[in-house]
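Sequence lines set the chain letters: A, B, ... in the order given, protein chains first and strands last, and positions in each chain run from 1. Being a predicted model, the structure only gives us computed values, none of them experimental.
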There are 2 protein chains.
Amino acid sequence: MSDAYYLQLTEQLRHLIDQNAVHWDGKLPAERALAERFATTRVTLRQALAQLEGEGLIHRSNRRGWFISPARLVYDPTRDAGFNDYVRAQGRQPRTAVLKLETRAHVPAARALGLPDDQPFHHIRRRRYVDDRAVLVESLWVVPERAPELLDIYSGQSLWGLLRERWGHYLANRSIRMVSEALLPIDAEELLVAPGTAGLNINRAILDDQQRPIEYDEEHWLHDSLCISVELSGQQ
Amino acid sequence: MSDAYYLQLTEQLRHLIDQNAVHWDGKLPAERALAERFATTRVTLRQALAQLEGEGLIHRSNRRGWFISPARLVYDPTRDAGFNDYVRAQGRQPRTAVLKLETRAHVPAARALGLPDDQPFHHIRRRRYVDDRAVLVESLWVVPERAPELLDIYSGQSLWGLLRERWGHYLANRSIRMVSEALLPIDAEELLVAPGTAGLNINRAILDDQQRPIEYDEEHWLHDSLCISVELSGQQ
DNA sequence: GCAAACTTCTGGTCTATACCAATTAGCCGG
DNA sequence: CCGGCTAATTGGTATAGACCAGAAGTTTGC
């Protein structure tokens with residue numbers, strides 16, 4: 001059982017990573033080189049790498065190779081700090097790239113917010129980075145009545161900040177769902193990873209303090225870049 | 001890109017599952033049979049199955065075969081409903097098996113609760129089922145002063161209920177952490193799955209309303225059996 | 001009639017090899 | 001020195017076959 005060779009390989013690779021992380025600038029040697037070094041085939045070697053990938057210790061970027069994964073970002077979905085804020089609070093560098101801006105209907109968003117299926121939304125799709133590594137892609141669907149000229153002025157800043165400062169919306173009621181997933185080819189491509197890479201899907205439906213629907217969003221995170229943390233007190 | 005054969009296979013298997021789920025009692029045909037049916041090798045076929053496994057659509061049990069995964073259990077870590085309660089509330093059957101009862105020190109628990117490293121705990125290890133499928137193993141470390149004779153009377157019931165009713169402890173402050181993981185061989189074995197299977201690790205440190213440490217626990221869930229759901233209102 | 005022993009089937013692991021496409025590195029010419 | 005082309009490298013995908021150990025089903029023996 002535990003004597004499977006690929007599991008031994010996993011341990012050896014783990015040590016290799018612990019000891020020499022500095023020298024490599026985070027990149028592991030090529031698969032063929034590692035396979036030869038450990039006297040095995042690429043298939044078995046890849047099985048060991050996949051194990052470490054599942055643990056979140058390493059990841060692969062597109063076809064460029066295997067890299068040591070940076071520390072996970074700690075994220076509390078119950079708090080209202082924006083992405084930029086909590087990334088910086090952890091001493092790291094956030095970045096956002098806007099991929100799409102359009103206005104159209106979207107059934108899942110409508111359903112989540114209790115609106116008719118043909119309700120149009122301002123749709124923003126963006127990719128977000130931590131220290132120049134793409135860690136998530138997300139789509140946001142904002143009810144146009146709440147932020148009419150959103151698409152004209154949006155350029156990657158904090159959406160919640162914008163909603164609060166420009167339109168005076170306070171996000172009072174949130175319904176959050178999280179499930180593990182395998183990234184679909186389309187999401188995987190935008191994150192520069194292989195299709196089927198493990199991910200974490202986070203959906204949010206947000207209403208204001210008068211129960212009016214504001215926005216719905218879907219985030220697709222790389223599974224190894226996130227640590228959900230929730231602090232609760234006082235209730236029972 | 002998307003024309004990889006294993007991805008086409010994934011789609012065909014998906015349809016197969018959608019259409020015939022009833023006939024199979026949830027079990028898919030043998031890998032060799034499927035490989036022949038789709039005119040490919042087991043290696044490629046398994047790659048397609050792994051994709052569906054990552055999505056949470058199917059899973060494998062031990063060496064018995066591939067099975068269609070039941071619906072995910074919806075779980076709100078911010079609420080205090082016990083496992084038995086919320087499983088039943090979703091029309092399903094909970095079950096608990098106690099794997100170990102002992103008293104000993106445990107450094108991670110001590111650290112999480114702010115106690116000295118050699119602090120002894122009542123340690124309970126248990127496996128929990130939904131509709132007779134093992135979905136998680138967990139270890140709990142309870143501060144002995146809060147529940148002295150716990151190990152003598154514990155037999156699989158709700159721990160929180162016991163703490164509340166017998167010792168009058170109210171769980172007021174919780175610190176929860178969730179990260180994706182690959183199940184270690186020891187946890188995988190207890191869940192009857194292959195080592196490296198994707199899992200979700202949930203840790204909790206719990207104090208009472210006077211900030212006294214009560215317990216710390218580590219849960220290891222099968223990734224496909226859980227949907228985290230959080231409902232928040234009123235705050236900003 | 002039932003438990004033990006045996007056989008078959010199944011997934012888990014592994015070897016060896018091959019081709020493709022994307023990336024990267026190197027070369028070359030302007 | 002820079003930009004564009006080419007060749008080498010790399011990960012992604014796939015074939016074909018093999019052995020093992022655990023699970024399941026069948027037969028045997030009492």
Inset, instruction - Just compare C:dC14, C:dG12, D:dG11 and give me whichever is closest to any side-chain atom of B:Arg46. - result: C:dG12

Legend entry - Flag, side chain of A:Arg72 to backbone of A:His223, donor-acceptor distance under 3.5 Å: yes

Legend entry - N or O in side chain of B:Tyr6 less than 4.0 angstrom from D:dT13 OP1/OP2: yes

Legend entry - Closest to side chain of B:Thr40, choosing from D:dT15, C:dT15, D:dA14: D:dT15

Legend entry - Distance below 4.0 Å between B:Arg60 side-chain N/O and C:dG12 OP1 or OP2: yes

Legend entry - Backbone N/O of A:Val193 and side chain of A:Thr197: donor-acceptor pair under 3.5 Å: no

Legend entry - Presence of salt bridge, A:Arg127 and A:Glu138, under 4.0 angstrom: no

Inset, instruction - Can you figure out which of C:dG11, D:dA14, D:dT10 approaches the side chain of B:Glu31 most closely? - result: C:dG11

Inset, instruction - Kindly say if B:Arg64 contacts the phosphate of D:dA24, meaning a side-chain N or O under 4.0 Å from OP1 or OP2. - result: yes

Inset, instruction - Could you state the atom-to-atom distance from CG of A:Leu45 to P of C:dT15 in whole Å? - result: 10 Å

Legend entry - Check: B:Gly161 main-chain N/O paired with B:Ser158 side-chain donor or acceptor under 3.5 Å: yes

Legend entry - Nearest-neighbour nucleotide for the A:Gln47 side chain, C:dA16, C:dG12, C:dC14 considered: C:dC14

Legend entry - Nearest-angstrom distance from the residue atom CZ of B:Arg32 to P of C:dT13: 14 Å

Inset, instruction - Using atom CG of A:Leu34 as one end and atom C1' of D:dT10 as the other, report the distance to the nearest whole Å. - result: 12 Å

Legend entry - C:dT15 phosphate, OP1 or OP2, under 4.0 Å from A:Thr44 side-chain N/O: yes

Inset, instruction - For the side chain of A:Thr41, starting at C-beta, report the closest nucleotide among C:dT15, D:dT10, D:dT15. - result: C:dT15

Legend entry - Residue B:Asn62, side-chain atoms from C-beta onward, closest of C:dA18, D:dA23, C:dC14: D:dA23

Inset, instruction - Assess whether one donor atom and one acceptor atom, taken from the side chain of B:Arg42 and the base of D:dG17, lie less than 3.5 Å apart. - result: no

Legend entry - 5'-most by nearest nucleotide on DNA chain C - B:Ala30 or B:Val43: B:Ala30

Legend entry - Whole angstrom value for the distance that separates P of D:dA21 from CD of B:Glu189: 16 Å

Legend entry - Residues B:Glu190, B:Arg125: salt bridge by 4.0 Å N-O rule: yes

